[in-house]
Amino acid sequence: MKEKSGGFRLKSTGHKWEGKVFAVLFMGLCVGSLVFMLSNYSEINMIMAAGKEGNEKEREDGVMGRREKVAFLFIARNRMRLDFVWDEFFRVETENRFSIFVHARPGFVFSSSNTMSSYFLFRQVNNSTQVDWGGASMIQAERILLENALMDPDNARFVFLSDSCIPLYNFSYTYDYIMSSSTSFVDSFSDVKEGRYNPKMHPIIPMQHWRKGSQWAVLTRKHATAVVKDNKVFPVFQLHCRRKSLPEFWREKPLPAEPWKEHNCIPDEHYVQTLLALSCFQQGLEGEITRRSLTHSSWDLSGSKDRERRGWHPVTYKFADATPELVQSIKDISNIYYETENRREWCMSSEKPFPCFLFARKFTRPAALRLLNTLEQLAADGENDTY
């Protein structure tokens with residue numbers, strides 16, 4: 001019994017020593033870890049900060065794996081007359097880098113009965129307004145398109161296009177061109193012609209900040225948001241910016257009492273440009289734009305015998321006009337001259353010359369069809385990289 005008792009006490013003593021050794025090792029490990037963390041505090045902080053910055057960047061750029069998109073914003077009367085051209089343009093893109101929004105008349109729905117392209121199916125905005133040329137309803141349509149497109153956080157650029165526009169290059173070239181610039185592309189110049197600026201716009205819109213240009217702009221997300229949030233400049237345009245009464249409409253409406261006193265203000269040719277100029281004191285928005293449009297329109301009407309072409313609208317390209325030479329002549333344009341500012345805008349990117357235009361208008365449906373067939377044949381022969 002004593003031996004057994006003594007043996008039992010010896011075994012118990014051994015367990016106590018094992019526990020003490022384990023405790024000492026555990027404490028040593030803790031102290032060592034603490035010393036390591038203190039000695040490498042700055043490196044650990046840098047790693048954690050880098051991780052935090054990475055997470056914040058992911059939140060800014062959207063969900064990981066998504067690509068920034070270009071939103072194509074079409075203003076159409078009803079159907080998209082040149083949907084077959086845009087179908088070819090979008091078809092080659094497989095990385096989901098674009099979105100489409102169309103402003104048509106209220107109640108119009110894009111379905112298989114009125115569009116040949118699946119890309120336009122149900123892409124109409126459902127809060128559209130009736131648009132009258134030369135009225136503030138046109139800029140209201142632009143604001144509606146931007147409001148809808150901004151709901152997608154991946155949309156980074158916003159391109160205004162008409163239903164008579166065609167692309168001049170393939171999707172990849174167009175996407176890279178637009179996304180490689182951190183600026184908006186807005187045709188904007190000082191407007192000094194009498195009769196356009198209405199003094200009643202003062203003081204919200206001073207004369208020195210009055211701008212003119214093409215409505216076919218490409219906006220960054222920041223500038224698109226500024227347009228949608230504007231609640232000061234837009235109401236002034238609604239009240240005091242209207243086109244001059246055209247003689248051909250006098251038969252349908254009462255003759256203006258003093259037509260020479262009317263201000264010939266076309267809202268869509270002034271609104272975005274003037275809004276960004278007015279914002280420059282607070283946010284420097286006008287300094288963040290490249291002051292030219294990426295959409296070509298021809299206003300050289302001097303040689304036209306067509307009465308329609310001598311009106312207030314740019315040249316409409318018809319079937320006979322639609323040739324590869326026409327497209328190439330537009331692609332070859334490398335600079336734009338602004339007479340009112342004595343300014344020549346050279347089209348550059350990273351200090352290298354680039355084509356000025358990515359899109360062109362106005363094309364009739366027969367002209368676009370002929371052009372598409374011709375360009376497809378050239379592409380098959382290896383002579384063209386447009387689509």
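Predicted, not measured: the structure shown is a model, and the values here were computed from it.
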Determine whether a donor-acceptor pair (N or O, by modelled atom type, separation under 3.5 Å) exists between the side chain of D268 and the backbone of Q215.
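Checking the backbone N and O of Q215 against the side chain of D268, no donor-acceptor pair under 3.5 Å is found.
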
Among [options], which one satisfies ring-ring contact (aromatic ring centres under 6.0 Å, His included) with [X]?
X: F354; options: F185, Y169, Y177; answer: Y177
X: F90; options: F72, Y175, F84; answer: F72
X: F89; options: F359, F171, Y173; answer: F171

Which residues pass the salt bridge (charged side-chain N to carboxylate O under 4.0 Å, His left out) test with R211, sequence neighbours left out?
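For R211, the residues satisfying salt bridge (charged side-chain N to carboxylate O under 4.0 Å, His left out) (neighbours in sequence not counted) are E286.
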
Once salt bridge (charged side-chain N to carboxylate O under 4.0 Å, His left out) is applied, do any residues pair with R77, and if so which ones, sequence neighbours excluded?
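Partners of R77 by the salt bridge (charged side-chain N to carboxylate O under 4.0 Å, His left out) criterion, ordered by chain and then number, come out as D163.
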
For a quick test of reading the model, state the closest non-hydrogen atom pair linking [X] to [Y] and the distance between them.
X: S297; Y: R361; value: OG-CG, 3.3 Å
X: H223; Y: S184; value: ND1-OG, 2.6 Å
X: P267; Y: G134; value: CD-O, 3.5 Å

Counterpart residues, side-chain hydrogen bond (donor to acceptor under 3.5 Å, both in side chains), relative to [X] (two or more places apart):
X: S164; result: S162
X: E95; result: R67
X: S99; result: N155
X: W216; result: none

Just to verify, what does C165 make a disulfide (SG to SG under 2.5 Å) with, not counting sequence neighbours?
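Per chain and number, C165 pairs via disulfide (SG to SG under 2.5 Å) with no residue.
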
Cluster check [X], [Y]: I/L/V/M/F/W/Y, side chain < 4.5 angstrom:
X: V92; Y: I166; value: yes
X: V315; Y: I333; value: yes
X: I204; Y: W210; value: yes
X: I205; Y: M207; value: yes

Going through the checks in order, is the side-chain contact (heavy atoms from CB on, under 4.5 Å) test met by D191 and Y197?
CA-CA 8 Å; D191 182 25; Y197 175 78; 5.9 Å; no

Side-chain heavy-atom pair [X], [Y] within 4.5 angstrom cut-off:
X: L219; Y: V272; value: yes
X: E288; Y: L276; value: no
X: F158; Y: R221; value: yes
X: S117; Y: R123; value: no
X: C241; Y: M201; value: yes
X: M179; Y: R157; value: yes
X: N335; Y: E345; value: no
X: Y338; Y: R292; value: yes

Check the pair T323 / R370 against side-chain contact (heavy atoms from CB on, under 4.5 Å), numbers first and verdict last.
CA-CA 8 Å; T323 64; R370 180 191 183 192; 4.3 Å; yes

Just how far is it from atom [atom1] of [X] to atom [atom2] of [Y], taken to the nearest 0.5 Å?
X: E93; Y: K69; atom1: CD; atom2: NZ; result: 11.0 Å
X: L82; Y: D87; atom1: CG; atom2: CG; result: 12.5 Å
X: L73; Y: I144; atom1: CG; atom2: CD1; result: 12.0 Å
X: Q124; Y: N78; atom1: CD; atom2: CG; result: 12.0 Å
X: L145; Y: N127; atom1: CG; atom2: CG; result: 9.0 Å
X: T316; Y: F363; atom1: OG1; atom2: CZ; result: 10.0 Å

Quick check on the 6.0 Å ring-centre criterion: do W86 and F120 meet it?
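No: the rings miss the under 6.0 Å criterion.
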
Which atom pairs, one a donor and one an acceptor, fall under 3.5 Å between side chains of residues 106-113 and the rest of the protein, sequence neighbours left out?
{"residue": "S111", "atom": "OG", "partner": "S113", "partner atom": "N", "Å": "3.4"}
{"residue": "S111", "atom": "OG", "partner": "S113", "partner atom": "OG", "Å": "2.8"}

For the CD atom on Q208, are there more than 12 heavy atoms of other groups (residues, nucleotides or ligands in this structure) within a distance under 6.0 Å?
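More than 12 heavy atoms, drawn from other residues, nucleotides or ligands, come within 6.0 Å of this atom.
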
If you count the non-hydrogen atoms of other residues, nucleotides and ligands that lie under 6.0 Å from NZ in K222, is the total more than 12?
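More than 12 within 6.0 Å, yes.
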
Would you say the side-chain atoms of S137 and T129 include a donor-acceptor pair closer than 3.5 Å?
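Not at all, the side chains of S137 and T129 share no donor-acceptor pair under 3.5 Å.
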
Can you see whether R79 engages N114 through a side-chain donor-acceptor pair at a distance of less than 3.5 angstrom?
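No.
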
Does anything in residues 134-147 pair up under salt bridge (Lys or Arg N to Asp or Glu O under 4.0 Å), and if so which pairs, sequence neighbours excluded?
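Found R143-D230.
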
By side-chain contact (heavy atoms from CB on, under 4.5 Å) - contacts of [X] (at least two apart):
X: R242; value: none
X: M116; value: D83, R365
X: D176; value: R97

